[in-house]
Asks: 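Got a structure here, written out as structure tokens. Questions coming.
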Protein chains: 2
Amino acid sequence: MTERRLDRSGGQPLWKQLQQDLVRRLRAGEFDDVFPGELALVEDYQVSRHTVRQALTKLRADGLIVAERGRQPRVATSPEIRQPMGALYSLFSSVEASGLTQHSVVRALDIRADGVIAARLDLEASIPLLYLERLRFAGDEPLALDRVWLPASIAAPLLDADFTHTSLYNELAASTGLRLDHGREDIRAVVPTPAERTLLRCPPEAAAFSINRQGSSQNRPVEWRHTLVRGDRFALSAEFSANTGYRLTTGAVTHAGA
Amino acid sequence: MTERRLDRSGGQPLWKQLQQDLVRRLRAGEFDDVFPGELALVEDYQVSRHTVRQALTKLRADGLIVAERGRQPRVATSPEIRQPMGALYSLFSSVEASGLTQHSVVRALDIRADGVIAARLDLEASIPLLYLERLRFAGDEPLALDRVWLPASIAAPLLDADFTHTSLYNELAASTGLRLDHGREDIRAVVPTPAERTLLRCPPEAAAFSINRQGSSQNRPVEWRHTLVRGDRFALSAEFSANTGYRLTTGAVTHAGA
DNA sequence: CTAGCTTAAATGTGCGTACATTTCTGCTGA
DNA sequence: TCAGCAGAAATGTACGCACATTTAAGCTAG
């Protein structure tokens with residue numbers, strides 16, 4: 001290993017310089033295969049192990065690396081797992097957690113233009129969009145009516161996908177490599193129209209969640225979604241504390257029967 | 001200070017035992033005036049300063065204490081500012097942000113017993129509870145019906161409070177020093193009953209949010225709340241990203257008129 | 001060639017020291 | 001009486017060492 005130098009004039013603490021340099025090298029992909037051990041860093045940077053550990057402690061607190069006793073630290077791989085977050089994800093993951101099987105009936109999958117939606121995606125009105133409309137089931141009962149618009153220039157490969165069992169995000173990541181990293185949701189309480197009520201087989205006096213979502217990937221809007229979720233069977237659950245902030249736990253499933 | 005002993009048999013690391021003991025004493029209110037310095041802890045627990053700092057580092061990471069150079073550590077006071085979080089807070093703060101004035105009509109404020117609610121607060125069925133029922137207005141229009149139960153042993157001083165303009169949390173903090181630091185919410189979409197509809201002056205075909213909340217302070221449940229919010233004028237807004245997670249931004253107010 | 005053991009290596013814990021930097025306290029002098 | 005300064009005290013940074021505990025590698029024996 002080449003000998004790396006830190007500024008010892010006292011401008012910034014050594015461990016902080018070391019931490020920042022490690023973050024830089026990590027983001028540059030330098031440690032994709034192996035992360036150097038503490039003693040190796042001691043040699044490279046010519047600082048004490050105490051200082052190295054101080055820097056690594058910070059990196060672990062930020063979730064960038066994981067370390068175990070006797071084993072070399074490794075670059076953390078977790079953060080990409082929890083990407084499709086939000087209220088919708090919370091609701092649908094709760095179905096899985098409750099043991100009910102999920103499947104979808106694709107009611108439409110085509111390419112069309114829609115000026116209103118395109119405007120919400122910051123696109124020209126005439127730009128073609130891939131439109132996917134699904135009726136989502138939890139067990140044998142309808143759960144939600146889900147409608148998604150994506151720019152056709154990105155999502156065209158999805159025209160041939162089978163959406164009866166896989167999720168849109170999985171398909172999107174698989175065929176285009178795209179992953180949502182940002183989004184906004186608007187959650188409203190509404191009374192479904194008679195047509196929607198029939199489609200969802202709602203009981204007469206049931207309300208519903210109307211969720212609008214705009215999803216982005218790397219600062220580019222790529223998804224506009226509207227989902228209507230039956231309110232008689234599903235609820236949003238959230239937990240908050242001074243430390244962890246506000247987190248959706250998992251959408252509660254009220255007893256499916258009756 | 002009395003000499004405190006830690007288990008040195010190796011069951012748990014010393015710094016972890018120290019950290020846990022400090023958390024315990026902190027929650028017991030032992031450090032409300034001053035938090036002991038590092039050297040004092042070294043004396044008390046008979047461990048090295050390194051070990052003390054390891055424990056304090058964890059406490060700082062959890063936001064329980066704050067420390068500055070040359071100054072004794074102090075119990076953190078910041079997290080309580082943003083405490084009344086959650087969907088309810090989001091909704092009501094949005095009203096303020098929109099410029100509408102808020103006020104409440106107190107429909108009930110008394111002490112009663114309720115076995116069902118008491119059970120949800122982990123209390124005996126016969127324990128008296130302070131009950132507060134308010135109709136909350138945004139501008140001249142009703143916004144929500146809010147019902148709160150608190151253990152009378154804690155909240156009795158609130159019997160004389162004026163809730164037409166101040167918030168419950170402010171009153172609670174002012175007269176008892178109690179602040180919520182943890183909570184759970186369940187958010188449902190419902191159709192209000194005719195009585196509720198009349199009370200809230202809902203239009204005929206409007207849905208509502210039904211929010212149940214259980215609030216805790218220092219691991220003790222102190223609040224059960226049920227709030228019914230008009231769904232025709234208010235929505236929940238949330239934003240999420242890979243870095244910051246899921247955060248309620250501010251409940252959107254759809255144009256009040258019409 | 002493989003199972004099992006031994007050894008080496010890496011991180012975790014804990015102690016000690018020294019000095020820097022900042023804050024607070026108390027004293028001194030005008 | 002008050003301003004300013006010097007010293008004490010506290011935390012921050014940085015170095016060193018020793019040993020415990022766990023993992024991984026290597027070696028030996030069957």
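Because the structure is predicted, anything quoted here is derived from the model rather than measured. Quick note: numbers below take in every heavy atom, side chains included, and nothing from hydrogens, waters or symmetry partners.
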Asks: When the nearest nucleotide of DNA chain D is assigned to A:Q12 and to A:E68 on a heavy-atom basis, which residue is associated with the more 5' position?
Replies: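 Its nearest nucleotide being more 5', the pick is A:Q12.
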Asks: In Å, rounded to the nearest 0.5 Å, how long is the span from CG of B:D186 to CZ of B:R213?
Replies: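 One gets 12.0 Å once the value is rounded to the nearest 0.5 Å.
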Asks: D:dC15 P sits how many Å from A:L41 CG, rounded?
Replies: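 Going from CG in A:L41 over to P in D:dC15 covers 13 Å.
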Asks: For a quick test of reading the model: is some side-chain N or O of A:R74 closer than 4.0 Å to OP1 or OP2 of D:dT23?
Replies: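 Indeed not, no polar side-chain atom of A:R74 lies that close.
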Asks: Which nucleotide in the list C:dT13, D:dT13, C:dC15 gets nearest to the side chain of B:S48?
Replies: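 Between C:dT13, D:dT13, C:dC15, the one nearest the side chain of B:S48 would be C:dC15.
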Asks: Please name the pair of heavy atoms, one in B:F234 and one in B:V229, separated by the smallest distance, quoted to 0.1 Å.
Replies: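 Reported closest heavy-atom pair: CB-CG1, 4.4 Å.
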Asks: Rounded to the nearest Å, what distance is computed from the CZ atom of residue B:R71 to the C1' atom of nucleotide D:dA8?
Replies: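 So the two atoms are 17 Å apart, to the nearest Å.
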Asks: Please report, rounded to the nearest Å, how far the C1' atom of D:dT11 is from the CD1 atom of B:I65.
Replies: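 Going from B:I65 (CD1) to D:dT11 (C1'), I get 11 Å.
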Asks: Between C:dG12 and A:R60, is there an OP1 or OP2 to side-chain N/O distance shorter than 4.0 Å?
Replies: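 Looking at the OP1 and OP2 atoms of C:dG12, one of them is under 4.0 Å from a side-chain N or O of A:R60.
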Asks: Nearest to the side chain of B:W15 - C:dG14, D:dT13, C:dA10?
Replies: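 Nearest to the side-chain atoms of B:W15, counting from C-beta on, is C:dG14.
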Asks: Does a nitrogen or oxygen in the side chain of A:T51 sit under 4.0 Å from OP1 or OP2 of D:dC15?
Replies: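 For D:dC15, OP1/OP2 do have a side-chain N/O of A:T51 under 4.0 Å.
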Asks: Say whether, by atom type as modelled, one donor and one acceptor occur between the side chain of B:Q17 and the main chain of B:D7 under 3.5 angstrom.
Replies: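 Flag set: sc B:Q17 to bb B:D7 pair under 3.5 Å.
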Asks: Could you check whether any side-chain N or O of A:T51 sits under 3.5 Å from a backbone N or O of A:V47, counting only pairs where one atom can act as donor and the other as acceptor?
Replies: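 It does not hold such a pair.
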Asks: Round to a whole Å and report the spacing from CZ of A:F35 to P of C:dA9.
Replies: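 A:F35 atom CZ is separated from C:dA9 atom P by 21 Å.
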Asks: CD of B:Q46 versus P of C:dG16: gap in Å, rounded?
Replies: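 Atom CD in B:Q46 sits about 10 Å away from atom P in C:dG16.
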Asks: What's the CD-C1' distance between A:Q54 and C:dT11, to the nearest Å?
Replies: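 It works out to 17 Å between those atoms.
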Asks: Between C:dT13 atom P and A:L56 atom CG, what is the distance in whole Å?
Replies: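 After rounding, the gap between these two atoms is 14 Å.
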Asks: Find the distance B:E43:CD to D:dA9:P and express it as a whole number of Å.
Replies: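 So the two atoms are 14 Å apart, to the nearest Å.
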Asks: Does A:E43, at its CD atom, have more than 12 non-hydrogen atoms belonging to other residues, nucleotides or ligands within less than 6.0 Å?
Replies: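 Open: at most 12 neighbouring heavy atoms sit under 6.0 Å from CD of A:E43.
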Asks: Is it true that the side chains of A:S237 and A:E239 contain a donor and an acceptor less than 3.5 Å apart?
Replies: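 A:E239 and A:S237 do not have a side-chain donor-acceptor pair below 3.5 Å.
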Asks: Is there a donor and acceptor pair, one atom on the side chain of A:R49 and one on the base of C:dG12, closer than 3.5 Å?
Replies: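 Yes.
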Asks: Would you call the rings of A:F137 and A:H103 parallel, tilted or perpendicular if under 30° counts as parallel and over 60° as perpendicular?
Replies: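 Ring orientation, 0 to 90° scale: parallel.
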Asks: Any idea which of C:dG12, C:dC15, D:dT13 is nearest the B:L14 side chain?
Replies: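 My answer, after comparing the listed nucleotides, is C:dC15.
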Asks: Identify each donor-acceptor pair in which a side-chain atom of residues 52-68 of chain A lies under 3.5 Å from a protein atom, sequence neighbours left out, and give them as a table.
Replies:
| residue | atom | partner | partner atom | Å |
| --- | --- | --- | --- | --- |
| A:R53 | NH1 | A:E38 | OE2 | 2.8 |
| A:T57 | OG1 | A:R53 | O | 2.7 |
| A:E68 | OE2 | A:R71 | NH1 | 3.2 |
| A:E68 | OE2 | A:R74 | NH2 | 3.3 |

Asks: Picking from C:dC24, C:dT11, D:dT13, which would you name as closest to the side chain of A:R69?
Replies: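 Selected nucleotide: C:dT11.
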Asks: Could you pick out which residue, B:L39 or B:H50, lies toward the 5' side of DNA chain D when each is mapped onto its nearest nucleotide?
Replies: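 It is B:L39 whose nearest nucleotide is closer to the 5' end.
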Asks: For the helix from C:dC1-D:dG30 to C:dA30-D:dT1, what angle separates the axis at the start from the axis at the finish, each from five pairs, in steps of 10°?
Replies: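 The two end axes of the helix from C:dC1-D:dG30 to C:dA30-D:dT1 meet at 10°.
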Asks: So, does B:R53 get its side chain near the phosphate of D:dG12, meaning an N or O under 4.0 Å from OP1 or OP2?
Replies: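 So the side-chain polar atoms of B:R53 do come within 4.0 Å of the phosphate oxygens OP1 or OP2 of D:dG12, strictly under.
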Asks: A:V47 side chain: which of D:dC15, C:dT11, D:dA10 is closest?
Replies: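 The answer is D:dC15.
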